[in-house]
Amino acid sequence: MVSISVSTSSTKAEIIRAAERLFAQHGIDGVSLRQIGAEAGNGNKSAVQYHFGTKERLLQAICEHRLPDIHERRRMLVARHRPRDLRSLVECHLLPLLEQGEREGSRYLTFVSMLRHHNRQDVFGRLPEEFQASTREFGERVAALLPHLPEPLRAHRIGQVVSFGVEAASDRERAQVNGYPVMPFALHVADLLDGLIGFLQAPASPAALAALEDAAPGTTWLPYL
């Protein structure tokens with residue numbers, strides 16, 4: 001798979017930022033390529049199609065535009081803290097996402113939330129292998145610290161934790177865009193981590209275990225980001 005490079009083209013970067021804003025505001029299916037081109041200030045109605053071809057490639061390009069910084073921030077946090085406990089592992093993985101939502105002009109977390117709500121996890125499956133490998137490693141390391149949970153409940157909880165983090169960051173991002181008051185960032189992060197770690201560590205109830213036995217074999221569980 002060939003990754004889309006946007007660093008050498010200011011036109012592409014403007015289109016990507018405009019697409020991120022519009023998709024976040026109106027949803028994946030509520031925006032046309034022509035609308036994105038107009039939002040980017042490009043008079044050529046075919047500019048988006050010229051640079052990206054299809055909406056599918058543009059969705060992927062938005063992720064590839066944001067993920068290198070997020071990935072590098074995760075790498076730096078892991079190198080600095082060498083996380084071994086559950087809270088540190090989750091913090092090193094989620095904090096760069098939460099920080100992204102604090103960047104001026106960013107609508108990335110709301111865009112990711114829209115992808116999830118439109119059942120477009122396939123976009124993440126087409127990302128470069130380095131990003132997918134990082135996600136798999138995170139899941140494996142967290143899973144090793146949760147031996148009390150049977151599969152597939154364990155993998156599902158890990159996926160839910162990332163989903164909760166994305167949705168919390170998206171809610172906060174939207175609130176700030178709309179000028180609503182938000183909790184101080186450090187407190188927001190600490191409180192969110194408290195809840196997520198408690199969720200991961202909670203034992204599976206008899207009701208959950210009984211329901212697991214009744215679940216249809218071969219059930220497909222949503223992947224985590």
Side-chain angles (χ1 to χ4, degrees), residues 1-10 12-17 19-21 23-24 28 52 56-116 120-145 155 157-170 172-173 185-186 188-189 192-193 196-197 200 222-225:
M1 178 181 59
V2 178
S3 174
I4 300 171
S5 174
V6 299
S7 59
T8 59
S9 171
S10 60
K12 284 186 175 182
E14 284 300 322
I15 290 172
I16 284 175
R17 285 191 287 268
E20 181 184 279
R21 289 193 301 272
F23 286 140
I28 304 303
F52 297 98
E56 299 301 311
R57 292 294 287 164
L58 181 55
L59 294 174
Q60 183 181 338
I62 293 170
C63 294
E64 292 182 9
H65 178 65
R66 296 296 191 184
L67 278 174
D69 285 348
I70 293 171
H71 181 72
E72 178 61 16
R73 175 66 171 147
R74 283 173 175 163
R75 189 195 66 77
M76 291 175 60
L77 287 172
V78 169
R80 181 186 306 164
H81 299 294
R82 300 186 181 277
R84 296 290 185 270
D85 63 286
L86 192 59
R87 187 185 183 94
S88 296
L89 281 170
V90 173
E91 182 172 6
C92 286
H93 190 78
L94 285 186
L95 182 59
L97 281 176
L98 302 177
E99 290 173 338
Q100 174 63 44
E102 301 298 296
R103 293 189 176 188
E104 185 175 357
S106 174
R107 301 300 303 278
Y108 182 65
L109 275 302
T110 308
F111 164 74
V112 171
S113 176
M114 285 291 183
L115 285 179
R116 299 176 63 82
R120 293 306 312 270
Q121 285 88 349
D122 59 292
V123 174
F124 307 122
R126 293 193 296 271
L127 293 175
E129 173 59 23
E130 63 178 317
F131 303 132
Q132 298 192 51
S134 173
T135 296
R136 288 196 299 270
E137 181 182 359
F138 165 74
E140 290 166 0
R141 294 187 67 182
V142 172
L145 297 177
R157 278 205 194 176
I158 296 170
Q160 287 292 94
V161 158
V162 178
S163 297
F164 295 157
V166 168
E167 292 304 321
S170 174
R172 182 180 172 90
E173 189 177 76
F185 183 66
H188 166 68
V189 172
L192 179 62
L193 287 172
L196 295 180
I197 300 309
L200 283 173
L222 291 177
Y224 39 83
L225 294 179

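Since the structure is predicted, the reported quantities are computational estimates derived from the model, not experimental observations. All residue numbers refer to positions in the sequence shown, counting from 1.
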Residue pair Asp69, Arg103: steps toward the salt bridge (Lys or Arg N to Asp or Glu O under 4.0 Å) verdict: CA-CA 12 Å; Asp69 285 348; Arg103 293 189 176 188; 3.4 Å; yes
Closest non-hydrogen atom pair, Leu98 against Ala169: CD2-CB, 3.6 Å
Within-4.5 Å side-chain heavy-atom neighbours: Thr135 and Val162: no
Contact summary for Gly125 and Gln132, nearest pair of heavy atoms: O-NE2, 3.0 Å
Validation row: Val90, Leu95 side chains within 4.5 angstrom (heavy atoms): no
Separation of Glu129 CD from Ser134 OG (nearest 0.5 Å): 10.5 Å
Closest approach of Pro128 to Glu64 (non-hydrogen atoms, all atoms of both residues): CD-OE2, 3.7 Å
Side chains of Leu67 and Tyr108 in contact at under 4.5 Å (non-hydrogen atoms): yes
Interatomic spacing from CE in Met76 to NE2 in His71 - rounded to 0.5 Å: 12.5 Å
From Glu140 atom CD to Leu145 atom CG, the distance as rounded to the nearest 0.5 Å: 12.5 Å
Distance, nearest 0.5 Å, that separates CG of Leu77 from CD of Glu99: 6.5 Å
Trace of the side chain to side chain contact (heavy atoms under 4.5 Å, CB included) decision for Arg74 with Leu97: CA-CA 9 Å; Arg74 283 173 175 163; Leu97 281 176; 3.6 Å; yes
Pair Arg57, Gln60: side-chain N/O donor-acceptor within cut-off below 3.5 Å: yes
Gap separating the OG atom of Ser88 from the CG atom of Leu193, nearest 0.5 angstrom: 9.5 Å
Side-chain heavy atoms of Glu173 within contact of Ser106, under 4.5 Å: yes
Heavy-atom check, side chain of His65 versus side chain of Lys12, under 4.5 Å: no
Student check: side-chain heavy atoms of Met114 and Arg116 closer than 4.5 Å: no
Candidate pair Asp85 and Arg87, rule salt bridge (Lys or Arg N to Asp or Glu O under 4.0 Å), full reasoning: CA-CA 6 Å; Asp85 63 286; Arg87 187 185 183 94; over 6 Å; no
Beyond-backbone contact of Glu56 with Arg120, side-chain heavy atoms, under 4.5 angstrom: yes
Validation row: Leu115, Phe23 side chains within 4.5 angstrom (heavy atoms): no
Side chain Ser163, main chain Gly159, donor-acceptor under 3.5 Å: yes
Closest non-hydrogen atom pair, Ile62 against Ala19: CD1-CB, 3.8 Å
Pro83 backbone acceptor or donor facing Arg141 side chain under 3.5 Å: yes
Worked verdict on Glu102 versus Arg172 for side chain to side chain contact (heavy atoms under 4.5 Å, CB included): CA-CA 9 Å; Glu102 301 298 296; Arg172 182 180 172 90; 2.7 Å; yes
Minimal non-hydrogen separation, Cys63 against Leu127, with atom names: CB-CD2, 3.7 Å
Side chain to side chain contact (heavy atoms under 4.5 Å, CB included) assessment of Leu94 paired with Leu196: CA-CA 11 Å; Leu94 285 186; Leu196 295 180; 3.4 Å; yes
Ring geometry between Phe138 and His93 (parallel below 30°, tilted from 30 to 60°, perpendicular above 60°): parallel
Non-hydrogen atoms of Phe111 and Ile28 that approach each other most closely: CE1-CD1, 4.1 Å
Spacing of CD belonging to Glu20 relative to OG1 belonging to Thr110, to within rounding of 0.5 Å: 8.5 Å
